[in-house]
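Shown next, in C-alpha cells, is the structure this report addresses.
Keep in mind it's a predicted model, so treat the numbers as computed, not measured. Just so we're on the same page: letters track the sequence lines, and every chain starts at 1.
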4 protein chains.
Amino acid sequence: MRMRTRSGPVRNENTHQAILEATAMLFAREGYDRLTIEGIAHEAHVGKQTIYRWWSSKGDLVAECLVAGMLLPDRLTLPDTGEIREDLRQWLTEIFRIIAEPETEGMLRSLISGAAENPQIGSRIRESLIGTDSVTGRLEAGIGQGQNLYEGAPFDEIAEALIGAVVLRALSRTPPSEEDAIRLIDAVIGPELPIPQSQR
Amino acid sequence: MRMRTRSGPVRNENTHQAILEATAMLFAREGYDRLTIEGIAHEAHVGKQTIYRWWSSKGDLVAECLVAGMLLPDRLTLPDTGEIREDLRQWLTEIFRIIAEPETEGMLRSLISGAAENPQIGSRIRESLIGTDSVTGRLEAGIGQGQNLYEGAPFDEIAEALIGAVVLRALSRTPPSEEDAIRLIDAVIGPELPIPQSQR
Amino acid sequence: MRMRTRSGPVRNENTHQAILEATAMLFAREGYDRLTIEGIAHEAHVGKQTIYRWWSSKGDLVAECLVAGMLLPDRLTLPDTGEIREDLRQWLTEIFRIIAEPETEGMLRSLISGAAENPQIGSRIRESLIGTDSVTGRLEAGIGQGQNLYEGAPFDEIAEALIGAVVLRALSRTPPSEEDAIRLIDAVIGPELPIPQSQR
Amino acid sequence: MRMRTRSGPVRNENTHQAILEATAMLFAREGYDRLTIEGIAHEAHVGKQTIYRWWSSKGDLVAECLVAGMLLPDRLTLPDTGEIREDLRQWLTEIFRIIAEPETEGMLRSLISGAAENPQIGSRIRESLIGTDSVTGRLEAGIGQGQNLYEGAPFDEIAEALIGAVVLRALSRTPPSEEDAIRLIDAVIGPELPIPQSQR
DNA sequence: CTCTAAACGAGACGGTACGTCAGGTCTTTCC
DNA sequence: GGAAAGACCTGACGTACCGTCTCGTTTAGAG
C-alpha cells in the first residue's frame, strides 16, 4: 500500500539549518527578549514567511534550537565518575560560571524568559533535566552516597530542587561562589556523613 | 541658611495609586509580556509621561506593585504552627493550587518572566523569600524536625532549593499534586525519620 | 495538407479556458485591483507557473478575457435601427445603468484601472470602440442625422469624446440619469435641429 | 464662552508638508501604482503611523496633493483670450504634449489609475474640470463661437466629452498630434462656420 | 494674593517589529 | 515530460507600542 504524499517541493534543509543557526547566534548575542523574527530572517538570508511557515512563534524556534543543543555550551553535561557528590560539584561550578561570566551571564535567564512565555521551551528544559539518563538517573545511581539518596527517595524532586535553585540564582542575579555549590549539594542530598566507617 | 526647595506641585498620590492599581489589574489579566505602558496609562486615565516620570520601565513599575503586595494573593504567607513540615506542606499546597488553577495559572510564570527581564523584580522575589522572617527563618527555627535541619545547615540553600523547585514547576507547566508537595519537602529537608535514635 | 507545428505537447485548452473563466469570475467579484494571480490559480485548480507560462502579467490575462468578451455584459452592443440618435440613446442608457447599479458599478472603473496599468487593456478598449464596425462606423452611417455628422466630420474624435465622457462619469462616480444620456448626445452630435435652414 | 478644545500637541505643519512633497515627488517618479506608503514615509523622514494618522489611504494622500496642485504642471490652466477655439487648441496641445513626452507620459494615466481606485481623486478631477471658473464656464462665455455653443447648450456634457476624450487618449497610449487637437475641438463644438461675414 | 514652575491628561512624532499577503521564480512529485 | 502544488525570497501592507516631545491646564508652594 502506497502512502499518498502531496506533490510539490519539500522543505529545504539548508534553509532550515541556516535559520536555526541564525537564531542560536542572535540568541547568544541579544538574548531571548531582544531576539526578533526579522533579525533572524535577515541574518539567515531568508524571507520572514519561510520562518512563519515552519514555526508558529519565536518561542517555537528557540525551543527547537534548544533541543538541537545549539543554545547552551556542551560543557553542561553532568560528569560521571561514580562519585555523585563530586560530579554535582563540578557540574554546578560550571553552571555557576556561566551565570557569573558577563559574556554568558544572560543566557540562562534568557532561556527562563523563553520558558515563561513558551510552553515548549519549559517542557524541553524540564525533560532534559529530569530524564532518566540525566540528573535524576545519576542521583538514583548514587544511592547511599548522601543522606537523601536512599532506596525510594524522591529523586525527581531532588533533581528539581537542585535545578530550581540554580534557576532562582540566575533570576536573582546573585553571582554564586564555589562554596555555594557545595552548600547547595549539602542542602539537597544532605551533608557528608560526619561519622564514617564505624556507623556502617 | 535655608534649603532652596523647588516650587510647584508635588507627586499626586491618587495618580500614583491609580497607576499601580491599573498595573496590577492588567498584570493579572494579561500577564507581564502583554502588559503595555500605553495600556496602563489608558486604564489609569493618566498620560504616558506621568508613568515615565516616576518609573524607568515596565519592570520597575511591576516591581513596585510586587513589593506593595498587589500582584500575588495574600494566602501566600508561610503559616507558623511550630510544625515546620506541616507548615511547608500547607504553604506548598497553596502555591501549587495557584500554579494549577486556570485563572491564576499564569501569574507566577509572568512574574518569572518579569524577573528574567528586570533585575529589580528578581531581587524582590529573592529578598522576600530568603529573608530572615521568611522561609529561611522558619527552617532555622525548625532545627531537629528534619534530617537536613541541623545546627549550621545551609538554610539559605535549602530555601532556595525549595522555592526553585516551585519556580521550575511553574515554568514547565506540570500541574503538581498534593503528594508532590510532600515529596518535595522530603527532598529538601529529608524524609520523616521512620525509626529514631535506636536505629543508629 | 497539415501544417507541421512544433513538436511536444501543446497548450491544454481546458486549462486555458479554466484560467480565463476564473479570471472573469474573480474580476467581476473583486475588481481589477483586488484580483490576484494566486487567487486565479487556486480558483482554476492550476499552478501559478501555468499562468505565468502563458501570460506575462495580470493585465495580459485580463486583456485576453476582455477581447474574449468575458468581462462586460453582452447587452453592451450598440443597437442598429438606422436612427443614430435613438441607437446611441439606448446604448448610453444601458451603459449608464451598468455604472449606476451597485452590483456592476465597479466593473467599468476596474477596467479603466487595468487600462491605466496595462497597455494591452487600453488598446483593446480603444480598438473595440473606435473600430469601423463600431461606434465610428455607425456615426458615419448616420451622416445628416446630426449637426456634427456631415461628410468628412471627425468621426473618430466624436466617438472618442462620447466614450471618453462615459469613462469620466465612471471615474467620478457621478451616477448619470436618462436625461444625461440625451444631453451627452446633443453635446457630441449637436442638438436636434428644431427649425432648419430658414432660421439662418 | 470659551470653546473647549482638546489639549495636547497639534498637527505639525512641517511634517504635513514634507509628506505631501514626498508624495508628489514619488508620484512623478514612480506613478500611482508603484507609490508606496513606506516609500513616502522614508522619503519624508517620517514614521508610517504619522501618515496613517492623517490619511486613510494612498488615494486620500494623492487626492490632497492633487487639490494642492502639486501633481500636475502649472501650464495646465486653460488660457483666456476670448477666442474659445484658440484657447482650447493651445490647452489641448499642452495636454497632448504631457501625454506624449516620455518624462510625463505616465502622470495622467497614473492619476486615472488613482481615480479608479479612490473616489476622492475622481471627484477632485471632475470638480476641477466642470467648475464654473473652468472649462464649462469658458464654453458658456464662448456662446456663438461654435455650432454647439448656443444659449442653453449642454455645456457640462461638452466639457465632459472633451476631457473624456483626453482621458481615453491617455489610456490607450495613442500619442496625439496637433491636428488631433483641432479635430477634437471640431468634434465637440462643431467645425468653424464655412460661410463667413455675410452670414453674420 | 500673585506668580511661577512643575505635574498632569492628552496625544503627535520617528521608530521598530509584528504577522500577513502577494509577487514572481524555482523545485519536487505525480500522472 | 508537462503540470499541480507549493517552498522560497522579496517587499509592502496596516497595526501595536516604544520612549520622547510638545501642548494647554491645573495646582501648590515662594514671595
Under 3.5 Å, which donor-acceptor pairs do the side chains of residues 16-30 of chain A form with other protein atoms, sequence neighbours left out?
from    : atom 1 : to      : atom 2 : distance (Å)
A/His16 : ND1    : A/Glu13 : OE2    : 2.9
A/His16 : NE2    : A/Glu64 : OE2    : 2.8
A/Thr23 : OG1    : A/Ile19 : O      : 2.7

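- Partners of A/Ser123 according to the side-chain hydrogen bond (donor to acceptor under 3.5 Å, both in side chains) rule, which considers only residues two or more places apart in sequence or in another chain, do not exist here.
- Each salt bridge (Lys or Arg N to Asp or Glu O under 4.0 Å) pair with one or both residues in residues 109-122 of chain D, not counting sequence neighbours, appears once here: D/Glu105-D/Arg109.
- Following rounding to the nearest Å, C/Glu13 (CD) and F/dG2 (P) show an atom-to-atom distance of 17 Å.
- Residues satisfying the side-chain contact (heavy atoms from CB on, under 4.5 Å) criterion with A/Ser57, sequence neighbours excluded, are A/Asp60, A/Asn118.
- With a 4.5 Å cut-off on side-chain heavy atoms, C/Ile112 and C/Leu171 count as touching.
- In the region residues 42-65 of chain A, proximity to DNA chain E at under 4.0 angstrom, judged on heavy atoms, holds for A/Lys48, A/Gln49, A/Tyr52.
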For a quick test of your reading: what N or O donor-acceptor pairs under 3.5 Å do the side chains of residues 34-53 of chain A make, sequence neighbours left out?
from    : atom 1 : to      : atom 2 : distance (Å)
A/Thr36 : OG1    : A/Gly39 : N      : 2.8
A/Glu38 : OE2    : A/Lys48 : NZ     : 2.8

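- Less than 4.0 Å separates DNA chain E from no heavy atom of any residue of residues 32-40 of chain D.
- Two residues, B/Pro9 and A/His16, neighbour DNA chain F, and the one matched to the more 5' nucleotide by heavy-atom proximity is A/His16.
- The side-chain contact (heavy atoms from CB on, under 4.5 Å) search around B/Asn12 returns B/Asn14, B/Thr15, not counting sequence neighbours.
- At E/dG14, one or more side-chain N or O atoms of D/Thr15 fall inside 4.0 Å of OP1 or OP2 (strictly under the cut-off).
- Between D/Glu30 atom CD and F/dA12 atom C1' the separation is 14 Å, expressed in whole Å.
- Legend: residues meeting side-chain hydrogen bond (donor to acceptor under 3.5 Å, both in side chains) with A/Ser113, ordered by chain and number and at least two apart, are A/Asp33.
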